[in-house]
Amino acid sequence: MPDEVRIGVLALQGDFAAHCDALRAAGATPVEVRTAEDLQSVDGLVLPGGESTTMLKLLDAENLFEALVGFGREKSIFGTCAGAILLAKEVVNPVQRSLGLMEMTVERNAYGRQIDSRISKIDIEGHPAEAVFIRAPVIRRAGPDVSVLATYQNTPVLAAEGRHMVATFHPELSGNNTVHSRFVEAVRKLRSAEVTGIARQPYGT
Amino acid sequence: MAQHGKLPVPNFSAGGIATPADAALVMQLGAEAVFVGSGIFKSSDPERRAKAIVKAATFYQDPVKLLEASEELGEAMPGLEISKMSESELMQVRGW
């Protein structure tokens, strides 16, 4: 199928299966990614929710860290929760390494402990949506080129920069695929832009 | 459940998992997570075995990686032969 969009989901740890379901519902073909070779066949990649320190260890064990940085220089990555932490330029509480693909500072476990996890209503560019926050991070600083697509308690919870997007919540757990559809559409646009040479604000509506 | 073909919650599998192959087997049978306690801590080299079981749960569909993960792990958790257990260790006589 020439129109098929293949989206990888990093499948070392976390809720990658839920992302695969959401991507399928959004019209993409999900591909579980466990090795650098798996990245070859996909147009975009999802970094799922999970535990970011564990993911870093597993990325190192599989020699995937540099492969992901390289992938992100050419193709789109969507990070949710732990995935958002991995994408950020700077991580605090505690300080840890990250892929550094989006100009922002992310604070881990910023709402508190597990008991502070919550399901809240947010607004994504005029569309009401449910946001599942599980020991979620907060974007404390966003660079000038980061566009904020949704906020909660006055901080960004859905944001994009260039070809990448992050959510501090878990859109894959809400049974509503609007956020995933947005990512799939952006990947589709960017892929055709490789041919036509136009790629401005792929996440705009 | 009938509609989705699965439980509404993740299936965590545990109990008696002592080798990377055990972890891969339950993943192949449909487990969505595996947790292991004594299978790691009663083995001869817990750290190495823990890493190997994590690897097996990730690459449960890759026989070559499973084989690599299974090599040189030392002794697995020893099994218990029921007929040789003392009465104080038997579950069915506890709590009465």
For the residue pair A/Phe169 and A/Ile119, establish whether any side-chain heavy-atom pair is separated by less than 4.5 Å.
no
A/Arg191 and A/Asp43: salt bridge (charged side-chain N to carboxylate O under 4.0 Å, His left out), yes or no, with the steps?
CA-CA 8 Å; A/Arg191 195 174 62 176; A/Asp43 304 305; 3.1 Å; yes
Which bit of A/Ala11 is near chain B, if near means a heavy-atom gap under 4.5 Å: side chain, backbone, both or neither?
backbone
Atom pairs, donor to acceptor, chain A/chain B, distance under 3.5 Å:
residue : atom : partner : partner atom : Å
A/Arg34 : NE   : B/Thr58 : O            : 2.6
A/Glu62 : OE2  : B/Lys55 : NZ           : 3.3

Would you mind reporting whether A/His180 and A/Pro171 have side-chain heavy atoms less than 4.5 Å apart?
yes
Using the six-membered ring of A/Phe65, assess whether NZ or CZ of A/Arg97 lies under 6.0 Å from its centre and within 45 degrees of the ring axis.
yes
What I'd like to find out is whether the side chain of B/Met77 reaches to under 4.5 Å of the side chain of B/Phe41, using heavy atoms alone.
no
Give me each pair satisfying salt bridge (Lys or Arg N to Asp or Glu O under 4.0 Å) with a member in residues 67-90 of chain A, each pair once, sequence neighbours excluded.
A/Lys89-A/Glu103
